[in-house]
Amino acid sequence: MPTVRNWQLGREMDYIYDESRPDRQVSSVFDINKCIACQTCTMSCKAIWTSGKGQEYMFWNSVETKPWGSYPLGWDVKILDMLGPQRWDTSGPSAVYEGKTVFEAAPEGERVLGYLPENEDYANPNRGEDETSEPIDPSKFHLQDLHAIWNFYLARICMHCTYPACLASCPRKAIYKRKEDGIVLIDQERCRGYRECVRACPYKRVLYNHVTRISEKCIFCYPAVEKGIWPRCMRNCIGKIRMVGYISPPGEADPENPIDYLVYVKKLALPLYPQLGLEPNIYYVPPIHVPPEFNRQMFGPGADEAVETYKRIRTGQEPELRAILLLNTSTNKILTKFRLEGDEAVGFDVNGQEAVRVMLVEKEIVRPYRDDTVGVYRHNIT
Amino acid sequence: MKAFKLRWLVLVALAVLSIGFVQAGISLGQEALFLRSVEVEGELPVTDPASLSWEEANEVTVPLSGQTLALPNRPQPFANSVQVRTLHNGTHIVFRVSWPDATQDNRTTGLSEFRDATALLLASSDLPGICMGSRGQRVHIVQWKADWQADIEEGFHDLQDTFPNFWVDLYPFAVGDPPYRLPEAFPEGARDLLVGWAVGNPFSEPLKITAVEDAVAEGFGSITTQERQDALGRGVWANGRWSVTIARQLNTGDPQDQSLGLGGRYNFALAVWDGSSGDVGARKSVSSWITLDIPGPPPFAALDILVPVVLIILAAMAAYLLIRSTWQRRKRD
């Protein structure tokens, strides 16, 4: 089996194909701290891509309430359980994963460690939504473990991984990763409905269509991306938690590229379950109010530092990060560069043209309580 | 002297025997699984695995093994063997494959539902790679699928057939009322969200015309449905056993098919999938190569006898001349 470099693990790993990075890799950063679980992303995706017959419980985008929520049911705890306890070596300057990935832990005769969910696992896409507070009457609830009252919302789409397990598992190469932008797609003419990809994807982001009897997945709204515009779930995000761009290959980080700055330079945005070995290209700003052990399990050993970095943004110590977060709430164009100009942040689109300009700190104007010109009192003076 | 004579006799006998073996299609050291297609008059039992006509055909028991050449694999076979028979009528050929299976799996609507299936892989007599052919060595595959047959015989197995409590208000551009049956409720514009169907994937087609897919392959992972579909077939599941017919014209006229002809000798292999075991794609039980003999018409049959007789006479004459010349040489000495 070929050996490839997975920078998120800090080491080489086994993969079924040779390393073949695309010319450009689309990427996105989700700031978990800003997600309100309104599910607008979910419904905007659903309305455009998965409202056909056979897709009733198919969500290419979903938002789970952690720690209890999951879609399909228990996707993450199941694969973590199958993989078993694994270790990171954090003694060096950068962490190295010492455990096994889903490729390295594949049982004899299989390409990837995985499992096929049941129909029912998809039946409650938002299970766990209200199970984070202590129940009024514990006897009536399925989940009775006592735990501190914390939760967060985990918005998920396909990770468009550098080493996709779906692609690795498809025996007939019906899944491909586009050279021009790294988007992973299923060829709907070539798929024969084997469901090897559904079994293999540890994030369970390939779904079976009950009517066409073949598998489907998130397409990262490639028709929009080809025009330099964000995917629909990103554009419609109410909480403005999502940022879209292209991530440079590891070792070639461009500090002017907003995604590179978040992921490589400041290490604020982290991969979800990097230990699985897929080098996912959707990154997360971890929640800052969550037990660190939980964050570390979910986002790897860099989670603690990312939480501290995020707290510094709030106190004004990280102007570049603040600039990126602000720029990406103010445009639906894919930004490839950003710059600080005085007290303003400027973002540039895929053609290098200025696409957005925002103030780092919004000016506050306090108006008099009474407007003498019309002789009234103001309700809002700022 | 006596020993010398005996040695020559043995040599001559071996020569004659080997010529005979070549004629009979058996060579020493080669797997001798051999199936002769028996000629019958008139119609073939194309869709009837229980027809009495099958009594006329020889039955060959073909051992199966798990597919272990490609990943993912199936280490152990689902069944130890399958029984195969074949008949032809001069223009068409039909095979019957029969194997034990305690469950009838003819649905693929649910995520964990997989189909029972069997496939014949037909190839010329030059052996391509086992299973799926190899690059540059195309093989012709005809696969019968239990769910395709159920769709044809019982109507398309729609969403509400697997999920009876399902409800929907509407689908974009669908016509009629819930539950919006396929295909009638989905005119062309409404199929855009049924992408597999819209792009013509045969697995997504609700109105199937045959339960047997006619396909080609050039190695693992390369199976592709042919543009022209020339095969028919039907399976009957009874008493814990599948009996499946697969039929086609001997010469379909389709260059993608393995052309078969009277008097020809071919290779074929079998595969069986058990849906309940999660068999799909490469997770299958397979046979090794079987020689398929399609006996020729009378003129060629006469030739079949004439050629070995002439060969034997020639071999005997050669042996006689050899013995005589050696004998004379020895006498001179």
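Reminder, nothing fancy here: chain letters follow the sequence lines and each chain counts from 1.
- We find the NE2-OG1 distance between His210(A) and Thr162(B) to be 9.0 Å, quoted to the nearest 0.5 Å.
- With a 4.5 angstrom heavy-atom cutoff, Arg107(B) does not touch chain A via any of its atoms.
- In this structure, the side chains of Asp158(B) and Lys53(A) come closer than 4.5 Å at one or more pairs of heavy atoms.
- If you tally non-hydrogen atom pairs under 4.5 Å between each of Glu196(A), Lys173(A), Glu118(A) and chain B, the highest count goes to Glu196(A).
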Quick one: do Tyr171(B) and Glu56(A) satisfy side chain to side chain contact (heavy atoms under 4.5 Å, CB included)? Show the steps, please.
CA-CA 10 Å; Tyr171(B) 294 110; Glu56(A) 288 71 14; 2.4 Å; yes
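- Across His157(B), Arg191(B), Arg283(B), the residue that shares the most heavy-atom pairs under 4.5 angstrom with chain A is Arg283(B).
- Here the OG1-CG distance, from Thr109(B) to Asn209(A), works out to 10.5 Å after rounding to the nearest 0.5 Å.
- Under a 3.5 Å cut-off, the side chain of Arg111(A) and the backbone N or O of Leu71(B) do form a donor-acceptor pair.
- Under the 3.5 Å distance criterion, the side-chain polar atoms of Thr212(A) are left unmatched by any main-chain donor or acceptor of Gly196(B).
- In this structure the side chain of Trp197(B) never reaches within 4.5 angstrom of the side chain of Val211(A), judged on heavy atoms.
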What do the steps show when you test Val199(B) against Arg190(A) for side chain to side chain contact (heavy atoms under 4.5 Å, CB included), and what is the final call?
CA-CA 10 Å; Val199(B) 300; Arg190(A) 199 164 162 70; over 6 Å; no
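- In this structure, Glu189(A) CD and Asn201(B) CG are separated by 7.5 Å, a value rounded to the nearest 0.5 Å.
- Considering all non-hydrogen atoms of both residues, Leu116(A) and Leu111(B) come closest at CD2-O, 3.7 Å.
- Dense packing is recorded around CZ of Phe163(B), with more than 12 heavy atoms of other residues, nucleotides or ligands lying under 6.0 Å away.
- Glu153(B) CD: more than 12 foreign heavy atoms inside a 6.0 Å radius.
- Within a 6.0 Å sphere centred on CG of Asp192(B), heavy atoms belonging to other residues, nucleotides or ligands number more than 12.
- The environment of Lys208(B) atom NZ is dense: over 12 non-hydrogen atoms of other residues, nucleotides or ligands sit within 6.0 angstrom.
- Of the two parts of Ile186(A), neither the backbone nor the side chain holds a non-hydrogen atom closer than 4.5 Å to a non-hydrogen atom of chain B.
- Residue-environment remark: CD (Gln86(A)) exceeds the threshold of 12 foreign heavy atoms within 6.0 Å.
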Apply side chain to side chain contact (heavy atoms under 4.5 Å, CB included) to Thr108(B) and Tyr208(A), showing your working.
CA-CA 10 Å; Thr108(B) 47; Tyr208(A) 185 62; 3.9 Å; yes
Ser204(B)/Arg213(A) under side chain to side chain contact (heavy atoms under 4.5 Å, CB included): CA gap, chis, key distance, verdict:
CA-CA 6 Å; Ser204(B) 306; Arg213(A) 300 176 187 172; 5.8 Å; no
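- For CD of Glu108(A), the number of neighbouring non-hydrogen atoms (other residues, nucleotides, ligands) closer than 6.0 Å is 12 at most.
- Summarising the local packing, OH of Tyr180(B) is surrounded by more than 12 heavy atoms from other residues, nucleotides or ligands at distances under 6.0 Å.
- Proximity to chain A (any heavy atom under 4.5 Å) is shown, for Phe173(B), by neither the backbone nor the side chain.
- Across every non-hydrogen atom of Tyr194(A) and Phe114(B), the tightest pair is O-CE2, 3.6 Å.
- Inter-residue side-chain proximity for Ser222(B) and Arg172(A) is flagged as unmet; no heavy-atom pair is nearer than 4.5 Å.
- With a 4.5 angstrom heavy-atom cutoff, Pro107(A) does not touch chain B via any of its atoms.
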Take Arg192(A) and Glu213(B), measure what salt bridge (Lys or Arg N to Asp or Glu O under 4.0 Å) needs, and give me the verdict at the end.
CA-CA 12 Å; Arg192(A) 289 169 72 90; Glu213(B) 181 194 4; 2.7 Å; yes
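- Taking both residues in full, the closest heavy atoms of Leu193(B) and Gln55(A) are given as O-OE1, 3.7 Å, listed atom of the first, atom of the second, then distance.
- Only the side chain of Val198(A) comes within contact range of chain B, with heavy atoms under 4.5 Å apart.
- Panel note: side chain Asn119(A), backbone Gly110(B); no donor-acceptor pair is recorded below 3.5 Å.
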